Colleague: 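Once you've had a glance at the structure underneath, I'll fire off some questions.
Keep in mind that what you see is a predicted model, and the values were worked out from it rather than measured. Heavy atoms only: backbone and side chains are in, while hydrogens, waters and symmetry mates are out.
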Amino acid sequence: MKLSSISSGSKGNCILVENEDTALLVDVGISKKRVEEGLSCFGKSPEELDGILITHEHSDHIKGLGVFLRKYNMPVYATQKTIDYILHSSSVGKVDTEMFVPIERNKHFEIKNLRISPLQISHDAADPVCYRFDEDSIKNKSCAIATDLGEVTEELINSLQELDGILVESNHDIRMLQMGAYPYHLKQRIWGNKGHLSNEACGEFVNRIISDRLKQIVLGHLSQENNYPELAFQAVRNEINFAKHKFNTDDIDLKVASRTGPSCNIEF
């Protein structure tokens, strides 16, 4: 099972999840050309995809979807409220409505040999979810893509136990956000319970789901204006190393996904 970041940041998100039988995109928040180039970088073509999963309707997660779908016909899975928004979005444009498959949060479904669990998250969108993937095979591997979390709930923590890999948001450095040029209402949105996790909050979240299995952690969805990869890496590393558990980052492959290009191809 593999998880690869084609792009992960506040300006655009697109993640590839695959195993021997199945290949899926999570979000298309970048241009069709960049998706094609990213897939090629990881040895895939759009024709090999089995579908697209959408987490929510914000521009950095869907702005390339319309153009992509007008060239490549494939199923798109999202909650009904998210689908309704997409189909009425001028930025997406006219697309074939038959391609859209409604899913329900906290109710798993299958695509080939992957069981996919759309998990409810607290973000300021119509009906946002993050995704857990469980492989139905003797390998029995699991991973998750968890961004735009807002706040971490006990239900989410319980649903993300016993993973082998995860891409998790480490959106902003608190001090950079506080001192930055954003208007106050936007700062409030970002650090509020429907916004994004800070570097430290990301580390605290990881400490709640870390296990003997979880050896691959990718930090993603970094803010362009309010974070640096080095800050995110060190803050999360410190949170893990100083926590009261037996785990240490010397035993974990901790990476930071690029905000602008393909990176962090992890296999488990």
Side-chain angles (χ1 to χ4, degrees), residues 1-17 26-27 29-30 38 41-42 55 60-61 121 123 130-131 143-152 156-157 160 163-180 182 187 190-191 195-268:
M1 198 170 186
K2 297 179 183 178
L3 187 156
S4 310
S5 174
I6 295 174
S7 180
S8 183
S10 58
K11 303 299 183 184
N13 297 273
C14 185
I15 312 299
L16 172 65
V17 177
V26 177
D27 293 330
I30 56 177
C41 180
F42 297 122
T55 58
D60 58 322
H61 295 263
I121 57 175
H123 193 55
C130 67
Y131 290 101
C143 70
I145 297 171
T147 67
D148 303 80
L149 297 182
E151 65 178 354
V152 176
L156 185 62
I157 292 292
L160 292 176
L163 296 171
D164 297 285
I166 187 170
L167 186 148
V168 57
E169 80 164 335
S170 191
N171 179 255
H172 59 276
D173 174 78
I174 295 174
R175 289 157 292 280
M176 286 183 69
L177 179 62
Q178 289 174 332
M179 302 301 292
Y182 279 3
K187 293 180 181 181
I190 292 169
W191 67 49
H196 297 280
L197 296 188
S198 69
N199 296 334
E200 287 78 10
C202 172
E204 293 170 2
F205 171 51
V206 168
N207 284 332
R208 300 285 304 280
I209 62 172
I210 202 165
S211 69
D212 289 316
R213 285 179 59 173
L214 186 56
K215 300 299 184 184
Q216 305 269 7
I217 300 173
V218 177
L219 308 181
H221 210 299
L222 271 68
S223 168
Q224 188 74 36
E225 293 80 11
N226 299 304
N227 213 350
Y228 293 114
E230 299 81 5
L231 276 176
F233 179 86
Q234 194 59 53
V236 174
R237 183 176 182 273
N238 288 343
E239 290 292 333
I240 295 172
N241 287 341
F242 297 143
K244 294 181 179 179
H245 53 52
K246 65 178 182 179
F247 304 102
N248 188 284
T249 51
D250 291 340
D251 305 316
I252 296 168
D253 186 9
L254 180 66
K255 293 185 172 78
V256 182
S258 170
R259 291 175 288 211
T260 57
S263 66
C264 296
N265 173 232
I266 61 173
E267 186 171 357
F268 34 86

Colleague: Consider side chain to side chain contact (heavy atoms under 4.5 Å, CB included). Of Ile15, Ile217, Val218, Leu3, which one does Cys264 pass it with?
Modeller: Val218

Colleague: Which value, rounded to the nearest 0.5 Å, describes the distance between Ser211 atom OG and Leu160 atom CG?
Modeller: 11.0 Å

Colleague: Could you tell me the separation between the CZ atom of Phe268 and the CD1 atom of Ile166, rounded to the nearest 0.5 Å?
Modeller: 10.0 Å

Colleague: Walk me through it: do Thr249 and Asn241 pass the test side-chain hydrogen bond (donor to acceptor under 3.5 Å, both in side chains)?
Modeller: CA-CA 6 Å; Thr249 51; Asn241 287 341; 3.0 Å; yes

Colleague: What do the steps show when you test Arg208 against Glu239 for salt bridge (charged side-chain N to carboxylate O under 4.0 Å, His left out), and what is the final call?
Modeller: CA-CA 11 Å; Arg208 300 285 304 280; Glu239 290 292 333; over 6 Å; no

Colleague: Looking at every non-hydrogen atom in both residues, tell me the closest pair between Val236 and Ser170 and how far apart they are.
Modeller: CG2-OG, 3.8 Å

Colleague: Report the C-alpha separation of Trp191 and Ile174 in whole Å, then their side-chain angles, then the decisive distance to 0.1 Å, and conclude whether the side chain to side chain contact (heavy atoms under 4.5 Å, CB included) test is met.
Modeller: CA-CA 8 Å; Trp191 67 49; Ile174 295 174; 5.8 Å; no

Colleague: Distance from Ile210 atom CD1 to Phe205 atom CZ, nearest 0.5 Å?
Modeller: 11.5 Å

Colleague: Atom NZ in Lys11, atom CD in Gln224: separation rounded to 0.5 Å?
Modeller: 6.5 Å

Colleague: Show your working on side-chain hydrogen bond (donor to acceptor under 3.5 Å, both in side chains) between Asn226 and His172 and close with a plain yes or no.
Modeller: CA-CA 5 Å; Asn226 299 304; His172 59 276; over 6 Å; no

Colleague: Of all heavy-atom pairs between Glu169 and Leu197, which one has the smallest distance, and what is that distance?
Modeller: OE2-N, 3.0 Å

Colleague: Between Leu231 and Asp173, is the side chain to side chain contact (heavy atoms under 4.5 Å, CB included) condition met? List the steps.
Modeller: CA-CA 7 Å; Leu231 276 176; Asp173 174 78; 4.0 Å; yes

Colleague: Can you spot which of Thr147, Leu16, Thr55 makes a side chain to side chain contact (heavy atoms under 4.5 Å, CB included) with Val26?
Modeller: Thr55

Colleague: Checking Asp60 against Asn13 for the side-chain hydrogen bond (donor to acceptor under 3.5 Å, both in side chains) test, could you report, in this order, the C-alpha distance in whole Å, the side-chain angles of both residues, the deciding distance, and whether it holds?
Modeller: CA-CA 6 Å; Asp60 58 322; Asn13 297 273; 3.3 Å; yes

Colleague: For Lys246, which residues count as a side chain to side chain donor-acceptor pair (under 3.5 Å) partner, sequence neighbours excluded?
Modeller: Asp212

Colleague: Answer yes when Arg259 and Glu225 have at least one side-chain N-carboxylate O distance shorter than 4.0 Å, and no when they do not.
Modeller: no

Colleague: Quick one, Leu149 and Leu156 - any side-chain contact, counting heavy atoms below 4.5 Å?
Modeller: yes

Colleague: Does a side-chain heavy-atom distance below 4.5 Å link Phe42 with Ile6?
Modeller: yes

Colleague: So, for Cys130 and Ala146, which heavy atoms are closest and what is the spacing to 0.1 Å?
Modeller: CB-CA, 3.9 Å

Colleague: For the ring pair His221 and His196, is the centre-to-centre distance below 6.0 Å?
Modeller: yes

Colleague: Got Asn171 and Leu222 here, is their nearest side-chain heavy-atom distance under 4.5 Å?
Modeller: no

Colleague: Under a 4.5 Å cut-off applied to non-hydrogen side-chain atoms, are Asn207 and His245 in contact?
Modeller: yes

Colleague: Atom CD1 of Ile240 and atom CD of Glu204: how far apart are they, to the nearest 0.5 Å?
Modeller: 11.5 Å

Colleague: Just distance, no hydrogens or angles: give the donor-acceptor pairs under 3.5 Å from side chains in residues 251-258, sequence neighbours left out.
Modeller:
{"from": "Asp253", "atom 1": "OD1", "to": "Lys255", "atom 2": "NZ", "distance (Å)": "3.1"}
{"from": "Asp253", "atom 1": "OD2", "to": "Lys255", "atom 2": "NZ", "distance (Å)": "2.4"}
{"from": "Ser258", "atom 1": "OG", "to": "Thr260", "atom 2": "N", "distance (Å)": "3.1"}
{"from": "Ser258", "atom 1": "OG", "to": "Thr260", "atom 2": "OG1", "distance (Å)": "3.4"}
{"from": "Ser258", "atom 1": "OG", "to": "Gly261", "atom 2": "N", "distance (Å)": "3.1"}

Colleague: Which heavy atom of Ala235 sits nearest a heavy atom of Asn199, and at what distance?
Modeller: CB-CB, 3.6 Å

Colleague: If you define the side chain from C-beta out and look only at heavy atoms, does anything of Val168 sit under 4.5 Å from Cys202?
Modeller: yes

Colleague: Apply the test side chain to side chain contact (heavy atoms under 4.5 Å, CB included) to residues Tyr182 and Ile190: give CA-CA distance (whole Å), side-chain angles for both, the deciding distance (0.1 Å), then the verdict.
Modeller: CA-CA 10 Å; Tyr182 279 3; Ile190 292 169; 3.4 Å; yes

Colleague: In the structure I gave you, are the side-chain heavy atoms of Leu163 and Leu214 within less than 4.5 Å of one another anywhere?
Modeller: yes

Colleague: With side chain to side chain contact (heavy atoms under 4.5 Å, CB included) as the criterion, how do Asp164 and Cys143 come out once you've worked through the C-alpha distance, each side chain's angles and the decisive distance to 0.1 Å?
Modeller: CA-CA 6 Å; Asp164 297 285; Cys143 70; 5.9 Å; no

Colleague: Quick one: CG on Leu177 to OG on Ser223, what's the gap to the nearest 0.5 Å?
Modeller: 7.5 Å

